[in-house]
Amino acid sequence: MKIATWNVNSIRTRLDHVVQWLTENPVDVLCVQETKVEDTDFPRSPLEALGYQTYISGQKSYNGVALISRTPLQEVRMGFAPILGETIADLDIQKRVITGMLEGVCVVNLYVPNGSEVGSEKYQYKLRWLSVLRDYLKAFLTEHPDLLVCGDFNIAPDDRDIHDPTGRENRVMASDAERQALEKAVFAQGLIDAFRKFNQEAGQFTWWDYRAAAFRRNLGWRIDHHYLSPGLYDRAKDCVIDRQPRGWEKPSDHVPVIVEIE
DNA sequence: ATGGCAATTGGAAATTGA
């Protein structure tokens, strides 16, 4: 089973890229983030023409996540509320969570808030969102021991994942509070970074700023991840970053990350 | 220290991203 995550930065603008990539890489499930479109306007047909089912949770202009699957998924759920109840329903206004089951594996597709700047209101929102994610994953794991949590985490787990970690304490995506929130939400639940099972090198990035020729100079960050529960981690055969689409015309600033589970 | 680029909305320039 192959599952990929890709922040496409607008599914409508990137539709041709997604179709081309899926044609060349017919993964079982493609988890996309930042679809930036209301559900009624989501371009389902071109993906269905490739033989894929689409499960979407979108909103106007911002955010938005979707599962694009070769076979029908079971138990598709949107947001935190189906697991945590209505007390945190305000966090579901922004569409950042969608989950589905495939062959006993529960796939959780996340678009973690960016956080803007350390100390800002958006940064506080990000930390609160991650603390709720912790409760969410904890509850989820009791129900579904085979859990794959992937998406755009907007956090570099360690300094190997940043081209220049200088001053990272005060930088969004790299501050200690964000890393601690990731630790509590993900690692403390026993979930493990699939990519690092196969590759220990620094400089393995999934996102490059559009500005300053960052991709050409490989000034990037590794902020798109697959986290696996122990049973799935043992079954993981490979996890790779596909840098190719970043070099295409009018690319997303993120690239796909693919994990293979046997 | 700053800007740099891109997408969206709305029909210019502001907001957001990371």
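Per chain, numbering begins at 1; letters A, B, ... match sequence-line order. Reckoned from all heavy atoms, side chains included, excluding hydrogens, waters and symmetry mates. As the structure is a prediction and not an experimental result, all values here were calculated from the model.
At the heavy-atom level, A/Tyr111 lies under 4.0 Å from the strands shown only through sugar-phosphate atoms. Looking at heavy-atom distances under 4.0 Å, A/Asn7 makes contact with sugar-phosphate atoms alone, never a base. Using a 4.0 Å heavy-atom cutoff across all strands shown, A/Asn114 reaches at least one base atom of the nucleic acid. Note on A/Asp152: only backbone sugar-phosphate atoms sit closer than 4.0 angstrom, heavy atoms only; bases stay farther off.
When DNA chain B is scanned in the 5' to 3' direction for atoms under 4.0 Å from non-hydrogen atoms of chain A, the outermost contacting nucleotides are B/dG4 to B/dA18.
Distance noted for atom P between B/dG4 and B/dT9: 24 Å (whole Å). Atom name C1', nucleotides B/dT16 and B/dA1: the rounded distance is 22 Å, in whole Å. Comparing the C1' positions of B/dA14 and B/dG10 gives a spacing of 11 Å, expressed to the nearest Å. Going from the C1' atom of B/dA12 to that of B/dA7 covers 16 Å, rounded to whole Å. The same atom, P, is picked in B/dG11 and in B/dT15; the two are 15 Å apart, to the nearest Å.
Along DNA chain B, the nucleotide nearest A/Asp209 and the nucleotide nearest A/Ala212 are compared for position; the residue whose nucleotide lies closer to the 5' end is A/Ala212. Comparing A/Asp253 and A/Thr35, the nucleotide of DNA chain B nearest to each residue sits closer to the 5' end for A/Thr35.
Side chain of A/Arg222 to backbone of A/Thr206: no donor-acceptor contact under 3.5 angstrom is found.
Electrostatic pairing of A/Arg70 and A/Asp28 counts as a salt bridge here, judged by a charged N lying under 4.0 Å from a carboxylate O. In this structure, A/Arg171 does not pair ionically with A/Glu169, as no charged nitrogen and carboxylate oxygen lie closer than 4.0 Å. A salt bridge links A/Asp161 with A/Arg196: at least one charged nitrogen is closer than 4.0 Å to a carboxylate oxygen.
Applying the salt bridge (charged side-chain N to carboxylate O under 4.0 Å, His left out) test to A/Asp158 and every residue at least two apart in sequence or in another chain returns A/Arg160.
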Under 3.5 Å, which donor-acceptor pairs link side chains of residues 130-142 of chain A to any protein atom two or more places apart or in another chain?
| residue | atom | partner | partner atom | Å |
| --- | --- | --- | --- | --- |
| A/Ser131 | OG | A/Arg128 | O | 2.8 |
| A/Thr142 | OG1 | A/Ala139 | O | 2.6 |

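Considering only heavy atoms from C-beta on, A/Lys197 stays 4.5 Å or farther from A/Ile192 through its side chain.
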